[in-house]
Amino acid sequence: MAKIIDGKQIAQNVKDELKVKVQEFFVKNNRQITLAVILVGDNPASQVYVKNKIKATEYVGMKSLSFYMPATSTQEQVEETVKSLANDDTVDGILVQLPLPKHLYENKILSQIPAGKDVDGFLAENVGNLMLGQDTTVACTPFGVLKMLKSSGVELSGKNAVVLGRSNIVGKPMAMLLLKENCTVTICHSKTQNLEQVCKNADILVAAIGKPEFVKANMVKEGAVVIDVGINRTENGLVGDVDFNAVKGVASQISPVPGGVGPMTIAMLLENTYLCACRRNNAK
Ligand code: NDP
């Protein structure tokens, strides 16, 4: 039976370690690390995410600035808010909660965030740096998956890693991170053929496709490590992209949903904010 990778506990450890580092930063620099969060509109799920992010920011001793803008905000108004935070030297990180209301151009708004304050790691400059193997801000979810693997003592170098999904925020950066760790990486998507066999060859399988319990036991190699990024709301509650009950009988380690990757994403957002603050300080 697979060992369960406890994302909640690993995330708690990350936050507790950050608490100490954030306090040290304050003592050394005489200022609080600050994360600005912008929420446009009243999407209930986004409201919950933002509330949790603010709570976690304050838990580690960072300052949070929140900007709640009405759904009717214009492109100019949202861009101006981002620009003013971009020019504010006391702000270390800027997060625009997605999705934005449909009438707003997401890319144009995000592009107002300077790469050094892009705590989500979504901007082309940060994605490009990751591709070049340089020190940069990495998207929180794949960054969290890597932290989970390392914290669980998973040997990465030389291993076959299969990433299911090629989105810009999960699949692609995940593959780049695993490549940097010397895995042999295969990226799969909706047009991949012989998916079962490809998955069966994985020592490390990361599922990020958004299809409830898609990965079955017959797709997993005996002893593989399986990380489930998926979050799917079904009538049976929240489930991942992996058939957890079946796959745990085959894998050596597996992350659950909920309590796996989800909590890591917020913890790595805080880690990214801390790293952005340190890089900005070093650049001065
Ligand atoms: P996207 O919808 O942007 O991407 C899904 C990817 O899965 C696409 O590349 C798609 O292929 C691929 N895919 C879809 N169906 C199949 C299939 N049958 N076989 C193989 N590949 C397939 O999703 P995200 O990357 O944003 O998110 C993926 C999942 O992770 C979702 O459940 C999401 O809720 C969750 N998530 C969880 C987070 C967390 O904090 N735990 C954070 C972010 C996401 P193609 O490109 O060909 O269309």
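Order of appearance sets the numbers: ligands from 1, and atoms from 1 within every ligand. All values reported here derive from a predicted model rather than from experimental measurement.
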Sub-4.0 Å heavy-atom approach of Gly171 to ligand 1: no
Interatomic spacing from OH in Tyr274 to CZ in Arg279 - rounded to 0.5 Å: 11.0 Å
For atom 33 (C) of ligand 1, the option (of Asp228, Leu164, Ile231) bearing the nearest heavy atom: Ile231
Results of salt bridge (charged side-chain N to carboxylate O under 4.0 Å, His left out) for Lys55 - residues two or more places apart only: none
Heavy-atom nearest option to atom 47 (O) of ligand 1, drawn from Pro258, Cys188, Ala207, Ser190: Ser190
Contact check: Arg166 vs ligand 1, nitrogen or oxygen atoms, below 3.5 angstrom: yes
Atom 2 (O) of ligand 1 protein-contacted (non-hydrogen atom, under 4.0 angstrom): no
Flag for Glu125-Asn129: side-chain donor and acceptor within less than 3.5 Å: no
Closest protein heavy atom (residue, atom, distance) for atom 5 (C) of ligand 1: Ile209 O, 3.8 Å
Proximity flag Thr192 to ligand 1, non-hydrogen atoms under 4.0 Å: no
Top protein contact for atom 29 (C) of ligand 1, by heavy-atom distance: Gly210 N, 3.6 Å
Atom 42 (C) of ligand 1: nearest protein contact (heavy atom, Å): Thr141 OG1, 3.2 Å
For atom 17 (C) of ligand 1, closest protein heavy-atom neighbour: Phe214 CZ, 4.0 Å
Minimum-distance protein heavy atom relative to atom 36 (N) of ligand 1: Val229 O, 3.7 Å
Heavy-atom donor-acceptor pair, Thr34 side chain to Asp92 backbone, under 3.5 Å: no
Heavy atom of the protein closest to atom 21 (N) of ligand 1 (residue, atom name, distance): His189 C, 3.1 Å
Check: Ser167 N/O within less than 3.5 Å of ligand 1 N/O: yes
Nearest protein heavy atom with distance in Å, relative to atom 43 (C) of ligand 1: Val170 CG2, 3.8 Å
Side-chain (Gln97) to main-chain (Tyr49) donor-acceptor, under 3.5 angstrom: no
Residues Glu271, Lys147: salt bridge by 4.0 Å N-O rule: no
Main-chain N/O of Leu85 paired to Lys117 side chain as donor or acceptor, under 3.5 Å: yes
Short side-chain to backbone donor-acceptor contact, Asp243 and Glu213, under 3.5 Å: no
Mode of Thr265 contact toward ligand 1 - side chain, backbone, both, neither (heavy atoms, under 4.0 Å): side chain
Thr192, Leu164, Val215 screened by side chain to side chain contact (heavy atoms under 4.5 Å, CB included) with Cys199, the one that passes: Leu164
Salt-bridge criterion met for Glu80 and Lys83 (N-O under 4.0 Å): yes
Numbered atoms of ligand 1 (with element) below 4.0 Å of Lys211, judged on heavy atoms: 15 (N)
